[in-house]
Visitor: 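Here it is, the structure, as structure tokens.
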Amino acid sequence: MGDHFGAEIRRFRLRAGLTQEALAERSGVSVSTIRGLETGRRRNPQFASVRQLSAALDLEPAEVDELLAAAAGAAEQSAIPVPRQLPACPSGFVGRGDALRLLDAREGRVDGAAPDIRVIAGMAGVGKSWLALRWAHQYLERFPDGQLYVNLRGYDPVELALASQTVLRGFLESLGVPAQEIPYDENACAGLYRSLVADRRLLIILDNARDTAHVTPLLPGGPACTVLVTSRHRLAGLTVENGASALPLDMLSREEARELLAHRLGTRTVDAEPEAVESLLDHCAGLPLALGIAAARAAGQADRPLAALAEELSEALARLDALESGEPTTGLRAVLETSYRALDSGNAHAFALLGLIAGPDISLAAAASLMALPLADARVVLRRLESANLVSRHHQDRYRMHDLIHLYAAECAAQDISEDARKAALHRLSGFYLHTSHAAAALLHPYRATVSLPSLPPGCVPDSPTDFPAAQAWMRAERACLIAAQAAALTQCQHTVVWQLAYALDPFLQRQGACRENVASWRRALAAADRIGVPEIRGLAHQRAGQALAYAGDHSAAVTELTRALELFEQLEDVDGRMRTHRGLAIAWEQQGCHAEALTHLERALSLIDDDTLTRGHVLNAMGWCQAHLGDFTRAQEHCTQALALVDRHDDHHGVAIVRDSLGYIAHRTDRHEAALTHYRAALGLFRDVGDSRQEVAVLRDIGDVHEALHEYEKARRAWTEALDLCRAQQRGAMASVQQRLEALTGHLD
């Protein structure tokens with residue numbers, strides 16, 4: 001290596017047309033030193049001398065790097081120290097098996113001349129440094145030339161981030177370069193650093209990097225080194241420009257989180273209060289920093305039960321206070337604040353606005369209305385927040401926040417956004433949900449009466465589902481968000497939004513078998529209607545709430561609400577309202593098995609319908625259904641046949657399915673089993689087409705009954721098993737009756 005360095009000095013000198021004496025005069029390096037370097041007698045060139053010679057020879061930067069590398073190779077290897085800079089191995093490490101295996105699988109990769117670079121990215125407090133150090137200590141023997149470590153302080157709440165040149169100087173000193181010989185120029189430092197580590201098996205950990213630019217000068221040039229970078233940003237630039245591999249780090253699983261608490265507090269303590277532990281796990285939501293703070297607080301107050309800490313954490317508004325560590329660098333709020341303050345003003349404003357959402361997640365389109373941004377601009381903002389690990393995209397164009405980040409974002413909104421701006425944003429969001437849900441409902445239930453919606457607030461651009469499948473998919477995706485938006489609208493006194501969201505959701509929730517959700521929705525609508533004070537709206541809310549209660553099996557409450565609705569509609573002389581309420585009362589009585597009472601209300605409803613409308617078809621079918629249960633199959637058949645003609649004429653597929661179900665029941669009870677199966681199968685297909693899983697369960701149950709009557713026990717089992725699976729998915733009360741049928745069938749299948 002020394003001969004190579006000397007040959008390079010001689011080559012560059014001759015190219016410059018200089019004698020050794022002339023070079024000595026120009027560089028300030030003695031003639032004897034130059035002669036010793038060229039002949040190889042001096043095998044430990046000083047880097048200061050090399051820089052002086054490089055300047056005198058007018059070398060290009062690449063040639064300087066080449067000469068420095070040759071000088072490094074000429075030095076005795078024994079003179080270069082082996083750095084051991086890793087902090088202590090983290091104690092109490094739990095889980096992360098998959099992440100450790102991914103890191104291990106990448107170790108030793110050689111891709112041409114590129115170093116092996118891994119980026120561990122995740123939200124604040126998720127345990128990125130914890131993982132990097134655990135893996136490093138586990139595989140120290142793979143790096144015989146040492147380990148370099150630096151905390152770049154990219155998000156330190158107290159100290160400034162370390163400059164790259166400061167880090168380079170520290171690394172060079174660790175690699176044996178005397179302080180006086182370290183260049184002042186950052187590029188020269190980086191070149192010398194790369195030269196020294198070029199052929200060494202080093203592990204380099206760059207912890208808490210702020211962005212790609214923070215890291216790039218610290219990367220080695222050759223393939224011998226392995227680099228672990230941790231950051232709250234995804235550092236996509238390292239992947240694009242340097243071929244780095246990304247390891248996104250998510251929350252601990254529930255079992256891993258429980259194991260962490262057990263390690264910190266002791267198994268006996270954790271086992272003694274299982275309910276409190278479950279509550280702590282819920283509120284810390286798998287975030288290692290939160291779990292660590294909670295464990296530290298519990299350990300510091302050993303005389304206080306875990307239940308007391310769990311109760312403190314249960315209050316959402318005080319949860320971040322409860323997760324303060326007492327130190328400015330490790331409290332959860334302080335750690336999150338550093339991520340927030342690192343955002344530019346536009347992205348910070350968007351982050352705070354996301355703290356206003358009440359649902360479990362938000363779609364891109366809804367976020368665009370919340371932020372009053374065009375769709376494309378909202379996508380860019382969300383991607384930047386995603387890159388900073390402040391939001392995550394868990395499905396196509398749907399974003400969510402970790403629970404604790406969401407609480408912090410809500411604090412930021414309260415502190416940094418004016419009350420008027422917050423109200424405007426919430427009106428845009430509720431307007432988005434209201435107008436889009438009604439557009440979807442119009443496609444799903446085209447025969448239902450529409451309501452007049454409030455005008456769109458500026459900056460709100462609702463979705464426009466184009467067909468039945470798109471509308472159904474939208475309602476399914478937004479179901480939880482719509483319920484949350486309705487509850488939030490009630491607290492914000494947006495009373496019109498509350499009852500109109502209930503109206504949009506009603507048939508969808510009913511068909512999904514979400515009876516209790518629908519009841520809660522109409523309870524909120526009743527409260528809003530009372531605030532509005534308009535009798536027509538109050539009557540509608542009482543009528544719909546009563547019908548929802550009937551389907552939920554709360555007969556007494558259903559009759560109370562429906563009776564109140566009937567009184568209001570009679571006072572208003574609202575014939576249509578009275579008719580709809582009698583239909584609701586019929587449902588309430590029919591759900592109780594009181595078919596005679598139900599039939600009485602249906603006859604009153606029919607008397608209020610003047611012509612052959614679709615509604616008449618629905619009432620005739622309901623009458624036939626009750627008559628069949630009362631044993632009057634002749635009149636039941638007549639009424640259901642008339643009903644089928646009416647609903648078919650109006651092209652009401654859901655109505656056809658309901659009538660076919662009634663005709664199947666009549667055929668089954670009159671021992672026309674094949675006809676019953678024909679009707680039931682037709683109904684089943686239509687219910688599936690329109691997404692009515694509640695009725696799908698009932699039809700599958702009835703199909704099983706027919707097969708059982710035909711002694712086709714295996715076919716009965718398949719139908720009931722499918723019905724039971726749907727019941728479980730919907731958490732339906734019908735599960736018990738289906739389960740009983742399956743259990744009774746066991747003897748026939750043996």
Visitor: Once side-chain hydrogen bond (donor to acceptor under 3.5 Å, both in side chains) is applied, do any residues pair with Arg583, and if so which ones, sequence neighbours excluded?
Guide: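 Partners of Arg583 under the side-chain hydrogen bond (donor to acceptor under 3.5 Å, both in side chains) test: none.
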Visitor: Return yes if a side-chain donor-acceptor contact under 3.5 Å exists between Gln494 and Ser430, otherwise no.
Guide: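 A pair is found: one side chain offers a donor N or O, the other an acceptor, under 3.5 Å apart.
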Visitor: Name all residues meeting the ring-ring contact (aromatic ring centres under 6.0 Å, His included) criterion together with His654; count only those two or more places apart in sequence or in a different chain, and write none if there are none.
Guide: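 If we apply the ring-ring contact (aromatic ring centres under 6.0 Å, His included) test to His654, skipping adjacent residues, the hits are Phe687.
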Visitor: Between His639 and Asn621, is there a side-chain donor-acceptor contact under 3.5 Å, judged purely by atom types and distance?
Guide: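 No, because no side-chain N or O of Asn621 sits under 3.5 Å from a partner of the opposite role on His639.
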Visitor: Out of Glu674, Arg672, Arg660, which residue meets the side-chain hydrogen bond (donor to acceptor under 3.5 Å, both in side chains) rule with His679?
Guide: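 Exactly one option meets the side-chain hydrogen bond (donor to acceptor under 3.5 Å, both in side chains) with His679, and it is Arg660.
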Visitor: Just checking, is any N or O donor in the side chain of His711 or Tyr713 under 3.5 Å from an acceptor N or O on the other one?
Guide: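 Present: a donor and an acceptor within the cut-off.
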Visitor: Show me the pairs that pass salt bridge (charged side-chain N to carboxylate O under 4.0 Å, His left out) and involve residues 642-656, at least two apart or across chains.
Guide: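 Salt bridge (charged side-chain N to carboxylate O under 4.0 Å, His left out) check on residues 642-656 returns no pairs.
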Visitor: Applying side-chain contact (heavy atoms from CB on, under 4.5 Å) to Gln512 and Arg694, what does each step give before you reach the verdict?
Guide: CA-CA 6 Å; Gln512 293 293 302; Arg694 183 181 67 87; over 6 Å; no
Visitor: For Asp576, is there an ion pair with Arg580 - N to carboxylate O distance below 4.0 angstrom?
Guide: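 Looking at Asp576 together with Arg580, the answer is yes, because their closest N to O distance falls below 4.0 Å.
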Visitor: Compare every heavy atom of Cys481 with every heavy atom of Pro360, then report the nearest pair and how far apart it is.
Guide: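 Looking at all heavy atoms of both residues, the shortest contact is CD-SG, 4.0 Å.
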Visitor: When you measure from the side chain of Thr670 to the backbone N and O of Ala667, does any donor-acceptor pair fall under 3.5 Å?
Guide: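 Confirmed, Thr670 side chain pairs with Ala667 backbone.
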Visitor: What pairs with His668 under ring-ring contact (aromatic ring centres under 6.0 Å, His included), at least two apart in sequence or on another chain?
Guide: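 ring-ring contact (aromatic ring centres under 6.0 Å, His included) list for His668, sorted by chain: His673.
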Visitor: For Arg538, give me all partners under salt bridge (charged side-chain N to carboxylate O under 4.0 Å, His left out), at least two apart in sequence or on another chain.
Guide: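 With neighbours one apart ignored, the set is Asp530.
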Visitor: Could you list the residues that satisfy ring-ring contact (aromatic ring centres under 6.0 Å, His included) with Tyr665, not counting sequence neighbours?
Guide: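 Only Trp625, His629 meet the ring-ring contact (aromatic ring centres under 6.0 Å, His included) criterion with Tyr665.
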Visitor: CH2/Trp522 to CD/Gln486 distance, rounded to the nearest 0.5 angstrom?
Guide: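 Nearest 0.5 Å value for the CH2-CD distance: 8.5 Å.
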Visitor: Can any side-chain N or O of Ser693 pair as donor or acceptor with the backbone N or O of Glu696 at less than 3.5 Å?
Guide: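 Checking the backbone N and O of Glu696 against the side chain of Ser693, no donor-acceptor pair under 3.5 Å is found.
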Visitor: Would you please name every residue forming a side-chain contact (heavy atoms from CB on, under 4.5 Å) with Ala409, sequence neighbours left out?
Guide: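 Testing Ala409 for side-chain contact (heavy atoms from CB on, under 4.5 Å), a comparison that skips the adjacent residues, returns Phe351, Met401.
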Visitor: For Arg400, check salt bridge (charged side-chain N to carboxylate O under 4.0 Å, His left out) against everything at least two apart and list the hits.
Guide: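 If we apply the salt bridge (charged side-chain N to carboxylate O under 4.0 Å, His left out) test to Arg400, skipping adjacent residues, there are no hits.
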Visitor: Output all residues satisfying ring-ring contact (aromatic ring centres under 6.0 Å, His included) with His582, sequence neighbours left out; order by chain, then residue number.
Guide: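 Checked His582 against ring-ring contact (aromatic ring centres under 6.0 Å, His included); matches are His601.
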Visitor: List in chain and number order the residues that pass salt bridge (charged side-chain N to carboxylate O under 4.0 Å, His left out) with Arg616, two or more places apart in sequence or in another chain; answer none if no residue qualifies.
Guide: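 Partners of Arg616 by the salt bridge (charged side-chain N to carboxylate O under 4.0 Å, His left out) criterion, ordered by chain and then number, come out as Asp612.
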Visitor: What residues form a salt bridge (charged side-chain N to carboxylate O under 4.0 Å, His left out) with Glu419, not counting sequence neighbours?
Guide: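 Result, salt bridge (charged side-chain N to carboxylate O under 4.0 Å, His left out) vs Glu419: Lys423.
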Visitor: Is a side-chain donor or acceptor of Ser607 paired with a backbone partner of Arg604 at a separation under 3.5 angstrom?
Guide: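 Yes, Ser607 side chain to Arg604 backbone: donor-acceptor pair under 3.5 Å.
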Visitor: Report, one line per pair, each donor and acceptor closer than 3.5 Å where one atom sits in a side chain of residues 458-473; sequence neighbours left out.
Guide:
residue	atom	partner	partner atom	Å
Asp463	OD2	Trp474	NE1	3.3
Asp467	OD1	Ala470	N	2.9
Gln472	NE2	Val690	O	3.3

